[in-house]
Student: 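This is the structure I have questions about; it appears just below.
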2 protein chains.
Amino acid sequence: MANMSSARTAASSKGKQRTGAILKAAERVLVRHGYHNFTMRAVAAAAQVSVGNLQYYYPTKNSLTKALLEHVALDYTRRLDGPRLHATPEPSEQLRLFLSDMLGDLNRERTTRLFPEIWALANHSRFAAKLTEEMYEVIRPVLARIIHAINPRLSAERVRLLSQFIVASLEGHTIFIGHGKPWIGETRTFAQMAYSAFMRLICEDEADRSGS
Amino acid sequence: MANMSSARTAASSKGKQRTGAILKAAERVLVRHGYHNFTMRAVAAAAQVSVGNLQYYYPTKNSLTKALLEHVALDYTRRLDGPRLHATPEPSEQLRLFLSDMLGDLNRERTTRLFPEIWALANHSRFAAKLTEEMYEVIRPVLARIIHAINPRLSAERVRLLSQFIVASLEGHTIFIGHGKPWIGETRTFAQMAYSAFMRLICEDEADRSGS
DNA sequence: CCGAATTTAGGTCAATCGTACTAGATATTG
DNA sequence: CAATATCTAGTACGATTGACCTAAATTCGG
């Protein structure tokens with residue numbers, strides 16, 4: 001049920017090495033040429049395998065695409081759920097680190113180019129949409145824990161909404177900072193702005209919100 | 001120099017009507033099926049014209065794509081540069097309106113689906129990238145005027161950076177609110193959060209920023 | 001109303017797409 | 001070593017793509 005269309009499981013070590021190279025090449029093709037040039041032949045060429053060999057591991061383009069998306073999502077969540085944040089016990093410092101990390105991540109060409117492609121895909125594929133949502137579902141709790149630590153008086157629902165608001169706001173910068181984008185170099189400034197702006201939201205109590 | 005690859009100028013009124021219908025259909029195809037299914041035949045069918053007829057107005061797929069992007073960008077900037085904001089003289093109220101308008105706009109299926117497609121396109125096409133940047137170049141000054149009115153002590157550069165930060169943050173919500181997205185219905189909450197968070201940034205003075 | 005400009009429709013072509021198929025090479029295991 | 005599973009490569013086919021071409025229909029200025 002989990003792996004519907006990816007037939008082969010890559011049993012041998014050689015097979016796993018191959019699938020790894022293929023997924024890496026597939027990502028390269030998607031990043032560099034976009035999904036509309038994401039063809040079996042292009043991926044096979046980039047991975048330096050024959051089309052037949054590629055199809056042995058991923059019989060259809062759909063199975064390859066799904067595997068690639070799963071691979072990317074797994075990689076992304078692993079990096080952000082890392083142990084870096086637990087190094088400092090100060091919650092506000094954890095927030096600063098989280099914001100800086102996420103914005104810094106956007107500078108990588110991979111993130112800059114891959115995510116818009118994934119978002120576009122998610123608009124037309126239920127699978128991609130579900131996977132994307134699951135990806136953010138991993139990130140949000142990480143941020144939610146920090147928010148709760150900073151202001152324990154906030155309700156769980158409020159924390160959930162704040163996490164979503166902040167994650168969404170950060171993701172928006174993907175289009176502007178990063179590889180070849182015009183606003184690269186201002187990442188630190190934006191990280192400071194994010195800290196200042198979102199810190200206010202978090203520290204705000206119910207009473208403050210009704211007025212103005 | 002402006003219209004390199006779109007050969008026909010659509011002289012007659014009938015021609016302008018046709019090109020209008022074609023661009024509308026093209027947008028529909030792009031929104032519904034994504035750029036990777038954006039074919040001359042699909043657009044022709046959606047516009048209920050023959051492929052030959054479509055190619056009379058847009059000889060190549062490239063020219064059609066460019067014309068569509070220009071059309072969308074023009075439409076978008078016109079709507080946001082509208083006179084609504086000038087109705088209220090209170091700058092902080094203008095900000096609230098601006099944020100609410102932009103976030104509300106994301107609820108429209110057109111915006112929700114079109115923009116990720118455009119961002120992905122901008123990653124692989126210089127033309128799309130330039131047009132996208134020009135689009136945001138129109139929006140930023142609108143916001144910059146409001147920011148300057150709220151806090152005239154800010155330097156021009158600071159206003160520019162703040163405008164960019166806020167626009168980017170708002171755009172990020174495209175992926176989450178809007179047609180069929182999970183966080184629709186929370187638009188008002190997010191608009192309030194945006195107002196509260198960004199208002200703090202704007203009102204902050206130089207002195208406040210060095211500390212904390 | 002007539003001739004030129006414009007608009008419409010359909011057909012054709014090379015290139016490329018995803019996928020299926022087959023046969024041989026390599027590795028693994030009892 | 002034999003036999004079985006795994007892997008690799010090449011080819012082929014039907015479908016679709018963007019682009020090109022021609023010819024008829026329509027519109028419009030003089």
Side-chain angles (χ1 to χ4, degrees), chain A residues 3-26 29-30 32-69 117 121 124-125 127-128, chain B residues 3-26 29-30 32-69 117 121 124-125 127-128:
Chain A
N3 264 4
M4 268 186 51
S5 35
S6 55
R8 293 292 171 279
T9 346
S12 80
S13 68
K14 195 171 189 177
K16 293 200 177 181
Q17 192 177 335
R18 264 276 194 268
T19 53
I22 287 176
L23 289 183
K24 233 175 109 176
V29 171
L30 186 57
R32 286 228 258 264
H33 304 100
Y35 185 72
H36 104 277
N37 291 119
F38 183 81
T39 67
M40 297 295 271
R41 283 170 175 86
V43 172
Q48 289 177 314
V49 297
S50 68
V51 180
N53 194 6
L54 170 61
Q55 282 192 309
Y56 170 75
Y57 294 104
Y58 303 102
T60 68
K61 182 181 179 178
N62 227 322
S63 64
L64 173 61
T65 306
K66 288 188 177 183
L68 173 59
L69 288 181
E117 217 67 52
L121 239 50
H124 311 289
S125 149
F127 178 82
Chain B
N3 264 4
M4 267 185 53
S5 34
S6 54
R8 291 293 170 278
T9 345
S12 80
S13 69
K14 194 173 190 177
K16 293 200 177 178
Q17 192 176 335
R18 265 277 195 266
T19 54
I22 287 176
L23 289 183
K24 232 174 111 176
V29 171
L30 186 58
R32 287 229 257 264
H33 303 101
Y35 185 70
H36 121 273
N37 292 118
F38 183 81
T39 68
M40 298 295 272
R41 282 170 175 84
V43 172
Q48 290 178 313
V49 297
S50 68
V51 181
N53 194 6
L54 170 60
Q55 283 193 312
Y56 169 75
Y57 294 104
Y58 303 103
T60 67
K61 183 181 180 179
N62 227 323
S63 64
L64 174 60
T65 306
K66 288 187 177 184
L68 173 58
L69 289 181
E117 216 68 53
L121 238 50
H124 311 289
S125 149
F127 177 81

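Letters A, B, ... mirror the listed sequences (proteins, then strands); counts begin at 1. Note that the structure is predicted; figures quoted are calculated from it, not measured.
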Student: Side-chain N or O of B/R18 less than 4.0 angstrom from OP1 or OP2 on C/dT6?
Tutor: no
Student: Can you tell me how far C1' of C/dT16 sits from NE2 of A/H33, to the nearest Å?
Tutor: 16 Å
Student: Hey, is the side chain of B/Y57 poking within less than 4.0 Å of OP1 or OP2 on C/dT8, counting only N and O atoms?
Tutor: yes
Student: Let me see the working for B/R18 and B/N53 under side-chain contact (heavy atoms from CB on, under 4.5 Å), right down to the final yes or no.
Tutor: CA-CA 10 Å; B/R18 265 277 195 266; B/N53 194 6; 3.1 Å; yes
Student: Round to a whole Å and report the spacing from CZ of A/R41 to P of C/dG18.
Tutor: 7 Å
Student: For B/S50, answer base if it contacts any base atom (sugar-phosphate contacts may also be present), sugar-phosphate if it contacts only those atoms, and nothing otherwise; contact means non-hydrogen atoms under 4.0 Å.
Tutor: base
Student: Nearest to the side chain of A/K61, heavy atoms from C-beta on, is which of C/dT8, C/dT19, C/dC13?
Tutor: C/dT19
Student: Would you check if A/L64 and A/I22 make a side-chain contact, meaning some heavy-atom pair closer than 4.5 Å?
Tutor: yes
Student: Is it true that a side-chain atom of A/H33 and a backbone atom of A/F38 form a donor plus acceptor pair closer than 3.5 Å?
Tutor: no
Student: Measure CE/A/M40 against P/D/dG14 and give the value in whole Å, please.
Tutor: 20 Å
Student: Under a 4.5 Å cut-off applied to non-hydrogen side-chain atoms, are B/L121 and B/F127 in contact?
Tutor: no
Student: Measure the distance from CG on B/N62 to C1' on D/dA19 and round it to the nearest whole Å.
Tutor: 13 Å
Student: Could you tell me whether A/V51 contacts a base, only the sugar-phosphate backbone, or nothing, with contacts defined as non-hydrogen atoms closer than 4.0 Å?
Tutor: base
Student: Which nucleotide, C/dT8, D/dG18, D/dC7, lies nearest any side-chain atom of A/N53?
Tutor: D/dC7
Student: Between A/A46 and A/V29, which heavy-atom pair has the shortest distance, and what is it?
Tutor: CB-CG2, 3.8 Å
Student: As a test of reading the structure: which of C/dT6, C/dC17, D/dT6 is closest to the side chain of A/Y56, going by heavy atoms?
Tutor: D/dT6
Student: Between D/dT16 atom P and A/H36 atom NE2, what is the distance in whole Å?
Tutor: 19 Å
Student: Distance check needed: D/dC7 P versus A/L54 CG, whole Å only.
Tutor: 14 Å
Student: Specify the separation, in whole Å, of atom CD of B/Q55 and atom C1' of C/dT12.
Tutor: 12 Å
Student: Using the side-chain heavy atoms of A/T60, tell me which of these nucleotides is nearest: C/dT19, C/dA9, D/dT17.
Tutor: C/dT19
Student: Using whole Å, what does the distance between atom C1' of nucleotide C/dA9 and atom CD of B/Q48 come to?
Tutor: 15 Å
